[in-house]
Structure formats: C-alpha cells, structure tokens
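Atoms within a ligand are numbered from 1 in the order they appear, just like the ligands themselves. Values below: all heavy atoms of this structure, side chains included; hydrogens, waters and symmetry mates excluded. What you see is a predicted model, and the numbers here were worked out from it, not measured in a lab.
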Amino acid sequence: MTQPTLIDGKAIAATVRDEIGRRASELLASTGKRPGLAVVLVGEDPASEVYVRSKDRTANELGFHSVKHTLPASTGESHLLELIGTLNDDPDIHGILVQLPLPSHIDESKVLRLIKPEKDVDGFHPVNVGLLTSGEKDHALIPCTPHGSLILLKRTLGSDLSGLNAVVVGRSNIVGKPMASLLLQESCTVTVAHSRTKDLPDVIRAADIVVAAVGRPEMIRGDWIKRGATVIDVGINRLPAPEKGEGKTRLVGDVAFRECQSHVGAITPVPGGVGPMTIVMLMANTLTAARRQLGFPEDKPIF
Ligand SMILES: Nc1nc2c(c(=O)[nH]1)N[C@@H](CN(C=O)c1ccc(C(=O)N[C@@H](CCC(=O)O)C(=O)O)cc1)CN2
Ligand SMILES: [Mg+2]
C-alpha cells in the first residue's frame, strides 16, 4: 500500500505567514503604518472564542495593529451596526472581520453588507463576491478558507490545474460557492454537489480534485474517491471521544480519512490541513487591504 501525500497545512501556512511578515515590515518601513485588523465576536461560542483569539494572536505576532471587540450574546443588531460604522471610519483599521455564526436575532447579511468592501477581509460583501465571480479576483478580497484551499492544491499539484475535474461538495457562501468560482477561474471543470445531488458517490468518483465542505462527519466514504485524486477536507467536526477520557472530544473531517489512505494521491488531515490556512489568509487579506488603502497596492496579488 503506497502512502498518500499528506498535505501539511501547518507547514504551508508557516511559509505564507513568513512572506506576510516580510511584506508587512516593508510596508512599515515605507509608510510608518502597520496593517490594522479589527475582529468582532458576538456571544460566547467556545469554538468562535478559540478562532478569534487565534486571529488576534497571529495578527499581533506579525506586528499588525490588532483590536478585538467581544460583545455579549444579548447585543442588539443596531449596536453591532454602530460598531461597524465606527470601524469603517477608523483610518488605523484596514480590515474588519465579524466572526460567524452570529446570534440568531442579528441579521447576518445586513451586518456583512455594512462593512466597507475595501475593509471586508472575509470577502463576504456582495462587491467582493461579484468581483470574484466575474473574473476580477485580482481586485477582490477573497474568502480565506477557499483561498487557502486553492493554495494547498497548487502547492500539491503545481500551478496549472486546468482541465482537471473538480467536485466541490457543499454550496455555502463562505466555502462552497467561492471555492467553485476560484476553481473555475483555474479552468477546472467544476461540479458543485450538495444535499440534493443525485448519485453523490458517482459524482465524486469522477473527480480529480474533491473539496469537501458539508459539515457532516466522515460523510464522504473512501470508496467514493477515485485512485490518485487530491482531497481537500474543509470539515471540522468535533465528536465525543470517551476512549480519550470523560468529556474528551476529537476532530474529524467530512471525509473518512482512513478509508482513503490506500488509494488517494494526496489528502489534507483534520486538524492541521485547511484550518491553519484560514487564519493565515486572513492576515494576507489584511495586508492586501492595508496596502490598497495606504496607496501601495501590489502590482499583482501576493498569493
Ligand atoms: N467570519 C468568519 N467566520 C468563520 C470563518 C471565517 O473564515 N470567517 N470560518 C470558520 C471558523 N474559522 C475561522 O473563523 C476557523 C476554523 C478552524 C480553524 C483551524 O485552525 N482549525 C484547526 C483545528 C482547531 C481546533 O482544534 O478546533 C485545524 O483545522 O487544524 C481556523 C479558523 C467559521 N466562522
Ligand atoms: Mg473558514
């Protein structure tokens, strides 16, 4: 049994992060300014708290100006909108991120639409979505998880993905749809599969590239994946793990990892695959946003 290539998201994220650090230092030397990031968390979801802490810490480690706004779950929508307005007007803040999900009494799309598109480092504003889907991605801010996933694919398969059959499983605004747009722009033949797709195993069996973003633990079985395919598992599902002790949990992806090992070409682990890329691409977007706002846009996108 040949071992598949394990796509090491942690190691690849570290190289991207080094490059961001270098470019942030250059920016500081030429403008006296640091990229500024504001991260907003509403509520006490433990996973969101971990992600927000990690974003704030990474920004600080890179020498960015970083502010964290932690608001109680009872925060009213108008209060959150007011905070976004203040951050939109703050010249030291180049990137604004509102951690999702928001509490159910807040209209998520209303909040995301208020963020200035040039500060929308999540790439969720309709202006950025439009730029990405209309083939103007060099002027957009691209959602972090799909952008990071594309970098993992290119580091694994090389920069030319044209003609490959890609199946994206999941049609969310934050992963599935932007991932499909990115792969289409790489001239892949793209299929977006979802909960209503007929004969899902057979659809996936045709794929050279599988991007799994369904949010259902190990839903995609090993025998659905063709020999030699590259698998990007975006799923992060926390399951009880009593074998590790009382109350303990373990993380699994959307793909049954062990069933794939005998025949896939390359696969991302969970954890340690796509997750670390999400955080680092947020830093890349913050740097890009800062350069544009300070009048130093890159000649071409950094990544
Ligand atoms: N505003 C946003 N909200 C959310 C996003 C997003 O991109 N923007 N994505 C997810 C959560 N997320 C970042 O916010 C995120 C998820 C996972 C990881 C990560 O590094 N995962 C690790 C495992 C971590 C663990 O042990 O729990 C890994 O996969 O190795 C980073 C960021 C939803 N919300
Ligand atoms: Mg994400």
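For ligand 1, the atoms closer than 4.0 angstrom to any heavy atom of Leu251 are 23 (C), 25 (C), 26 (O), 27 (O). Counting atoms of ligand 1 from 1 in the listed order, those under 4.0 Å from a heavy atom of Gln99 are 1 (N), 3 (N), 4 (C), 11 (C), 13 (C), 14 (O), 34 (N). Every atom of ligand 1 is numbered from 1 in the order shown, and the set under 4.0 Å from a heavy atom of Gly272 is 28 (C), 29 (O), 30 (O). The Ile236 neighbourhood of ligand 1 comprises atoms 16 (C), 17 (C), 21 (N), 29 (O), with distances under 4.0 Å to a heavy atom of that residue. Those atoms of ligand 1 that come under 4.0 Å of a heavy atom in Val98, given as number and element, are 1 (N). For ligand 1, the atoms closer than 4.0 angstrom to any heavy atom of Arg238 are 25 (C), 26 (O), 27 (O).
Considering backbone and side-chain N/O of Val274, none are found under 3.5 Å from N/O of ligand 1.
The pair Arg22-Glu19 meets the salt-bridge criterion, since a charged nitrogen lies less than 4.0 angstrom from a carboxylate oxygen. By the 4.0 Å N-to-carboxylate-O rule, Glu118 lies too far from Arg292 to be salt-bridged with it.
Under a 4.0 Å heavy-atom criterion, Val50 is not in contact with ligand 1.
Between the side chains of Asp233 and Thr268, no donor N or O sits under 3.5 Å from an acceptor N or O. No hydrogens or angles considered: a donor-acceptor pair under 3.5 Å links the side chains of Thr145 and Thr278.
Considering all non-hydrogen atoms of both residues, Leu287 and Pro35 come closest at CD1-CG, 4.0 Å.
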